[in-house]
Every structure is written in C-alpha cells, then in structure tokens.
Asker: 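Input: one structure, supplied below.
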Amino acid sequence: MNYRTGDSLHLSAPRHPVTLDDVRGAQKMLIGVSRVTAMEGSRHLTELVGSPVHLKCENLQRTGSFKLRGAYVRIAGLIAEERAAGVVAASAGNHAQGVALASSLLGVRSTVFMPQGAPLPKVAATREYGAEVRLHGQVVDETLAAAQDYARATGAVFIHPFDHADIIAGQGTLGLEILEQCPEVRTILLGVGGGGLAAGVAVAVKALRPDVRVIGVQAAGAAAYPPSLALGHPVALEHPATMADGIKVGRPGDVPFKIVGDLVDEVRTVSEDALSSAVLLCLERAKQVVEPAGAAPVAALLSTPEQFTGPVVAVLSGGNVDPLLLQRILRHGMAAAGRYLSLRLRLADRPGALASLLAALSVLDANVVDVSHVRTDPRLGLTEVEVELHLETKGPQHCAEVAASLREAGYTVIA
C-alpha cells in the first residue's frame with residue numbers, strides 16, 4: 001500500500017523551518033563526529049528490481065543509527081545556560097544512544113528515560129555512552145511523559161527525537177551524503193516514524209535534485225502518516241503495533257509533517273512478514289545486521305520491486321537489535337520465505353516408526369528443527385501417535401515436495 005503526496009505541492013517552493021543551508025551547516029558541525037557511512041551495492045536486489053540498488057549503511061554509524069546526527073546538532077546549538085541545565089530525552093533505544101553520546105562529546109549532562117521493558121543491550125549501551133538512565137513506564141508514551149515532567153521540574157532541555165528543526169537538519173546530512181556517494185540516484189527509500197529523517201533528507205535532496213523521488217516506508221501496523229496526509233494534519237493512532245520499534249510512532253511530528261507532505265513523494269506501508277524477510281535478506285545477502293525499522297526500505301523493495309526506478313538507494317537506518325528479538329525475527333523471516341515447514345503426521349505407535357520417518361526426511365534433505373509426540377488426543381486410535389515436526393527447508397517448492405513425498409510414502413499428513 002502507498003499514499004502519494006500531492007504532486008502540485010512540488011511546483012512551488014514553500015517555506016519550511018529547515019533549509020538546505022541549515023543542512024549544510026549541520027554537515028560542517030558533524031565533521032569528525034558522525035561517520036560518512038558506506039554505500040554498498042546489492043546484487044540480489046539489483047536483479048530483483050532490474051536496476052542498480054545501493055544500501056546506505058547507517059546501521060554502521062556511531063551508536064548504530066542515524067540518530068547521532070540530529071542529536072548532536074540539537075545539543076550543540078544550545079546556549080551556555082541551557083547546557084549547564086543538562087538535557088533529557090525519552091527513547092526505547094536509538095535516540096537514547098544518540099543523545100547520550102552527543103552529550104558526552106559536548107560535555108553536557110544527560111538523563112535518558114527508557115521503558116521498563118527496553119532491551120538490556122540498549123540500556124547498557126546508553127549508560128556506557130555517559131547518560132543517566134531512568135526506567136519508567138511500559139510504553140514509550142509513558143516514558144515520554146516522564147521525561148517531559150523531569151524537564152519541567154529541573155529545567156533540563158528536552159531533546160525531542162524528531163520534532164525540532166535542528167534534529168531535522170542533522171538527519172538531512174544523510175541526504176547530502178547520498179547525493180555525493182551516488183550522484184546518479186533516482187529513488188531514495190527510507191523508514192519513517194515521526195518523520196525527522198524523511199523530512200531532513202527530502203529538504204537536502206529536493207533542493208539539489210528535485211527529480212529524485214524520496215519515498216518513505218512505514219510498518220502497516222504503525223502507519224500514522226497515510227491517514228494524516230489524507231486529512232492534512234497529524235492524527236494519532238490508538239494502538240500502533242509492529243516489531244519495528246524504531247518507527248513505531250503513533251503520531252507524526254508537527255515540524256516534520258508539513259515538510260514530508262510537501263517534499264516526500266510517497267509514503268508506503270509494509271507488512272510484518274516483509275520486514276522479517278528483509279532483516280533476513282540483509283543478514284544473509286548483504287552481511288548487514290539491521291533492525292526491522294532499518295530494513296523497512298528493503299521490505300518495500302521485496303514487496304513491489306517492479307515499482308521503483310533505479311538507481312535506488314535504500315537507507316539501512318539502524319542496526320540496534322536485541323539478540324533475542326533478532327532470533328525470533330529470523331525465524332519469522334524464514335517462515336515467511338517458506339523455509340520452515342510445520343507438519344503433523346499420524347504414525348503407528350510401535351518401536352522404530354519415528355526412526356523410519358526421520359530417515360525418510362533425511363533422504364528428502366529436510367532438516368528437523370523440533371519434534372514432539374501426542375498420544376492422549378481422543379481423535380487418535382489406540383495404536384496411533386501424532387507427531388508434530390518443524391522442518392528447515394530450501395523454500396516453498398521444497399516444502400511442497402516434502403509434504404507430497406511423505407504422503408506418497410504412506411504417511412497421514414494432517415497439516
């Protein structure tokens with residue numbers, strides 16, 4: 001699914017709170033702070049799309065995401081009195097680490113509120129970058145409210161993750177790098193949460209190359225931009241839900257919203273299956289560890305490869321993924337790609353029956369991941385046992401071949 005912004009909006013030059021000069025100024029400020037991350041070609045995606053596809057590996061940025069760019073520019077712009085009061089932020093991970101490192105580099109005290117269920121590696125990394133971490137709330141909205149209360153009570157400056165011009169200017173430096181590294185680019189794909197990255201990149205790219213299409217990608221279960229753009233103002237989702245916590249934002253930011261509406265050509269949505277498949281592809285084919293939010297552009301390419309004009313640059317915006325979550329995502333991705341097969345079979349309950357089944361699966365080159373027995377189901381005959389199998393296969397065709405071969409061998413395949 002996708003939402004096309006009004007093309008007529010591109011015919012004029014609307015005034016925005018962030019300009020190309022702001023982005024260029026942010027780029028100078030970030031020299032020696034943020035990395036100019038690699039641009040890697042993807043042969044697999046190139047073959048799929050039919051034109052060159054490049055991956056902008058912002059997952060290899062310091063702190064593991066683009067968030068350092070905006071956080072540093074925002075904090076560096078504070079006056080002396082504001083710096084002395086310290087800064088406070090709320091985040092489940094990437095923004096937290098960006099604020100923590102930026103504050104440390106600038107000698108500013110930082111306090112970061114994180115949800116109580118935040119992954120331990122992200123909490124530990126935020127502390128190691130120098131922030132005081134306070135765990136509060138079960139969801140980000142509760143954490144955000146606690147951080148804002150702290151700011152009012154202490155005078156600390158609240159550093160919003162996307163709803164500020166300096167943040168947007170900092171994120172926009174990514175757009176300048178893309179044009180420098182891939183001057184022939186025709187389409188840029190990037191994940192969208194609150195809109196700071198999309199707005200900043202669009203400001204930079206459209207000012208220099210208005211012919212380049214900038215396309216935002218949201219998770220279908222947390223896509224606040226399509227209805228907001230349709231109504232002409234930000235609207236909040238009641239229950240955003242997605243594995244892509246980096247773009248799990250219930251309401252577009254007021255500052256980036258107009259910029260996105262004016263300059264971003266489309267905002268598309270992708271499914272959870274597509275996100276997990278994209279994470280798996282990045283790991284297997286590109287050798288890149290990418291979190292679901294960072295893989296959203298790849299998910300869009302996998303979903304509708306024929307709809308993009310190349311050369312395409314897909315921004316891998318972050319790589320901070322909890323190992324336990326990554327394990328679940330990879331399993332989900334393999335299932336979505338047809339590389340897991342779950343079967344239930346009925347066997348005669350006699351010695352050697354399971355061994356014969358496993359031998360047959362070995363011949364079929366299907367790897368048994370898990371096996372379990374059920375003997376107490378009232379639907380089973382007195383001498384029957386039900387076996388549930390989880391198999392690793394080579395793809396959808398192999399799955400069909402395994403199931404068909406088992407039936408031909410006389411096994412009763414239930415599912």
Side-chain angles (χ1 to χ4, degrees), residues 1-27 36-42 45-58 66 69 168-192 195-218 225-226 229 252 256-270 296-317:
M1 299 177 61
N2 66 84
Y3 177 85
R4 297 179 183 274
T5 59
D7 291 338
S8 62
L9 294 172
H10 298 319
L11 300 178
S12 60
R15 295 177 62 87
H16 295 126
V18 182
T19 67
L20 176 62
D21 286 342
D22 294 327
V23 178
R24 283 176 166 160
Q27 187 178 45
V36 177
T37 50
M39 182 83 74
E40 300 285 349
S42 171
L45 290 174
T46 293
E47 292 174 354
L48 193 67
V49 174
S51 57
V53 175
H54 305 278
L55 305 175
K56 176 61 171 168
C57 301
E58 200 66 3
F66 70 95
R69 298 172 182 266
I168 294 170
Q171 320 305 28
T173 60
L174 190 60
L176 296 179
E177 287 182 18
I178 290 172
L179 295 182
E180 291 164 1
Q181 293 173 304
C182 186
E184 68 277 14
V185 63
R186 296 286 303 281
T187 303
I188 296 173
L189 286 165
L190 40 74
V192 177
L197 176 64
V201 169
V203 165
V205 170
K206 291 295 186 178
L208 297 170
R209 287 281 307 281
D211 60 302
V212 174
R213 290 180 62 76
V214 179
I215 299 177
V217 184
Q218 292 203 292
Y225 262 93
L229 290 169
F257 177 76
K258 178 171 174 52
I259 300 174
V260 170
D262 288 345
L263 300 180
V264 173
D265 295 280
E266 294 181 44
V267 176
R268 296 181 169 231
T269 62
V270 292
V298 175
L301 291 173
L302 292 177
S303 300
T304 54
E306 73 284 352
Q307 295 183 8
F308 301 99
T309 301
V312 176
V313 172
V315 178
L316 307 182
S317 56

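Along the sequence shown, residues carry numbers from 1.
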Asker: Donor-acceptor check, side chain of D265 to backbone of I215, threshold 3.5 angstrom: yes or no?
Answerer: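 Not a single qualifying donor-acceptor pair exists.
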Asker: So, does S51 use its side chain to make a donor-acceptor pair with the main chain of P311 at under 3.5 Å?
Answerer: no
Asker: Let me confirm one number: the SG-NE2 distance from C182 to H54, rounded to the nearest 0.5 Å.
Answerer: 4.0 Å
Asker: Is there a side-chain contact between P252 and V260, using heavy atoms and a 4.5 Å cut-off?
Answerer: no
Asker: Quick one: does any side-chain atom of R209 pair with a main-chain N or O of E184 as donor and acceptor, under 3.5 Å?
Answerer: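 Side chain of R209 to backbone of E184: no pair is present.
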Asker: I need the minimum non-hydrogen distance between G172 and A204, along with the two atoms involved.
Answerer: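 Scanning both residues, the minimum pair turns out to be O-CB, 3.7 Å.
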Asker: Given 3.5 Å as the limit, does a donor-acceptor pair link the side chain of E40 with the main chain of L55, or not?
Answerer: no
Asker: With a 3.5 Å cut-off and no angle check, do the side chains of R268 and S303 form a donor-acceptor pair?
Answerer: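 No.
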Asker: For the side chain of S42 and the backbone of L45, is there at least one donor-acceptor N/O pair under 3.5 Å apart?
Answerer: yes
Asker: Kindly indicate whether the side chain of Q181, heavy atoms from C-beta on, has any atom under 4.5 Å from the side chain of V36.
Answerer: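 Q181 reaches V36 side chain to side chain.
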Asker: Decide yes or no for V185 and V205: does some side-chain heavy atom of the first lie under 4.5 Å from some side-chain heavy atom of the second?
Answerer: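 Heavy-atom side-chain distance check fails, nothing below 4.5 Å.
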Asker: Locate the shortest heavy-atom distance separating L301 from A314; write the atom from each residue and the value.
Answerer: CD1-CB, 4.2 Å
Asker: What distance separates L197 CG from L190 CG, expressed to the nearest 0.5 Å?
Answerer: 5.0 Å
Asker: If you round to the nearest 0.5 Å, how far is CD of E180 from CG of L208?
Answerer: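 Answer for the CG-CD pair, L208 versus E180, is 9.5 Å.
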Asker: Could you check if a side-chain atom of L316 sits within less than 4.5 angstrom of a side-chain atom of V298, using non-hydrogen atoms only?
Answerer: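 SC-SC contact between L316 and V298 confirmed.
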Asker: If you compare all heavy atoms of Q218 against all heavy atoms of P226, which two are closest, and at what distance to 0.1 Å?
Answerer: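 Q218 and P226 have their closest heavy atoms at OE1-CD, 3.3 Å.
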Asker: Could you tell me if the side chain of V264 sits less than 4.5 Å from the side chain of V201, heavy atoms only?
Answerer: no
Asker: What is the minimum heavy-atom distance between A26 and A169, and which atoms define it?
Answerer: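 Heavy-atom minimum between the residues: CB-O, 3.7 Å.
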Asker: Would you name the heavy atoms of V49 and F308 that are closest together and state the gap between them?
Answerer: CG1-O, 3.9 Å
Asker: Taking the side chain as everything from C-beta on, heavy atoms only, tell me whether T309 gets closer than 4.5 Å to R213.
Answerer: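 The answer is no, as the side chains (C-beta and beyond) never meet within the 4.5 Å cut-off.
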Asker: Please report the shortest heavy-atom distance between R69 and T173, naming the atom on each side.
Answerer: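 For R69 and T173, the tightest heavy-atom pair comes out as NH1-OG1, 2.9 Å.
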Asker: Mind checking whether V18 and P256 have side chains closer than 4.5 Å, heavy atoms only?
Answerer: no
Asker: Mark yes or no for whether Q27, through its side chain, and L176, through its backbone, hold a donor-acceptor pair below 3.5 Å.
Answerer: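 Not confirmed, Q27 side chain does not pair with L176 backbone.
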Asker: Mind checking whether L189 and V312 have side chains closer than 4.5 Å, heavy atoms only?
Answerer: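 Yes, close enough: below the 4.5 Å cut-off.
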Asker: Which distance, rounded to the nearest 0.5 Å, do you find between the CG of L174 and the NZ of K56?
Answerer: 6.0 Å
